[in-house]
S.K.: 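Next up is a structure, given as structure tokens.
Heavy-atom basis, side chains included; hydrogens, waters and symmetry copies ignored. This chain uses plain numbering: 1 for the first residue, then up along the sequence.
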Amino acid sequence: MRFLPDQDHLAYTSTVRRLLEDSTPVRTARAWAAGDHAPGRALWRALADTGLPALAVPEEAGGLGWYPPELAAAFVEIGRAAAPGPLVETVALTAALHDGKLLTGEHLATVTDPAAGYAVDAHAADAVYTLTPTPPPTLHAATPTGPALPSVDPTRHLARCTPGDPLAADTRRLSDLCTLLTAAQLLGLGRALLDSSVEYVRHRKQFGRPVGSFQAVKHQLADAAVGLEFAQPLLYGAALAVRGDAAADPRDLPAAKAACSQAALTAARTALQVHGAIGYTDEYDVSLLLRKARALAQAWGTTRTCHEAVLAAP
């Protein structure tokens, strides 16, 4: 089995990275947190123009095919940029419903995480759904109930939803893709946190020396780097499992989500320790990454439930 990205894969990932770098994603995230969704929607349309949601839809249904590894790579970059909005849920619903307005980036959509019972950014989405976990899992059109509730991540607003009519949808693909792409976001967030930490300790000085020259700081950064490096092959192994490759294992997806969550939280803890009190301040960009990592680690499979799934698999 070839387990390396090809040139097309690398070229697409580079395109997504450049687009995100040019779109001032942190400013977009802060605007979204404040209730201004226009920049976030413009960013989603730009991502859709690259073919992002079309990578989740077969050609016969108007998409480009079924490419979970490419989607995972794109969402690593989306996580690195801390892009706001229900992008994971929109792409997963595109895969499950083959909705044309989701496919073109015209609409954003969200769906409840069955374990948590909340839908992220339901009040900002054009379409809202609930996914009931009782066998067989069923997707319903839904309506947000009550006001939006805050999350530990200020760019995520949560809502309870009232289910309506059931819909014909590939709920397995929906759930698996939400888990995979959330794991990918976490890996990207962890990398962004590590990069920020390394840059900070190069310039921050104590006792006349850069903080990064101290052995204890080096060890913390190394531990974070190792965790992220080990999580990456698990993520792409999970992408192959979601794609349906014969050599994949059903444990690959929960193992990847657990590993990416733990790696991102280790990078977050390290970032907070090396940045000190400045890491707590709302005005400092690292604070957005810290809180997003905490929120995503609980979304679409907590570390505990993922470990239980790995142990329970035959």
S.K.: Same hydrophobic cluster for Leu87 and Leu174, using side-chain heavy-atom links shorter than 4.5 Å among ILVMFWY?
M.R.: no
S.K.: Determine yes or no for a side-chain-to-main-chain donor-acceptor pair under 3.5 angstrom, with Asp36 supplying the side chain and Ala38 the backbone.
M.R.: yes
S.K.: Does this structure show an ion pair linking Asp285 with Arg30, if we count only N-O contacts that are shorter than 4.0 Å?
M.R.: yes
S.K.: I'd like to know if Glu21 pairs up with Arg17 as an ion pair, taking the criterion as any Lys NZ or Arg NE/NH1/NH2 lying under 4.0 Å from an Asp or Glu carboxylate oxygen.
M.R.: no
S.K.: Could you tell me whether Arg18 and Asp22 make a salt bridge, using a distance below 4.0 angstrom between a side-chain N and a carboxylate O?
M.R.: no
S.K.: In this structure, are over 12 heavy atoms from other groups packed under 6.0 Å from Glu199 atom CD?
M.R.: yes
S.K.: Run the numbers on Val111 and Leu139 for side-chain contact (heavy atoms from CB on, under 4.5 Å), then give the verdict.
M.R.: CA-CA 9 Å; Val111 61; Leu139 187 69; 3.8 Å; yes
S.K.: Of all residues at least two apart in sequence or in a different chain, which pass the ring pair (Phe, Tyr, Trp, His ring centres under 6.0 Å) check with His275?
M.R.: Tyr200, Tyr284
S.K.: Which atom pair, heavy atoms only, marks the closest approach of Pro53 to Thr94?
M.R.: O-CG2, 3.9 Å
S.K.: Between Thr90 and Ala109, is there a donor-acceptor pair closer than 3.5 Å when you use the side chain of the first and the backbone of the second?
M.R.: yes
S.K.: Using the rule given for side-chain contact (heavy atoms from CB on, under 4.5 Å), can you reason through Tyr118 versus Arg160, listing the C-alpha separation, both sets of side-chain angles and the distance that settles it, and then say yes or no?
M.R.: CA-CA 5 Å; Tyr118 293 101; Arg160 295 280 189 186; 3.5 Å; yes
S.K.: What do you reckon, is OH of Tyr67 surrounded by more than 12 foreign heavy atoms closer than 6.0 Å?
M.R.: no
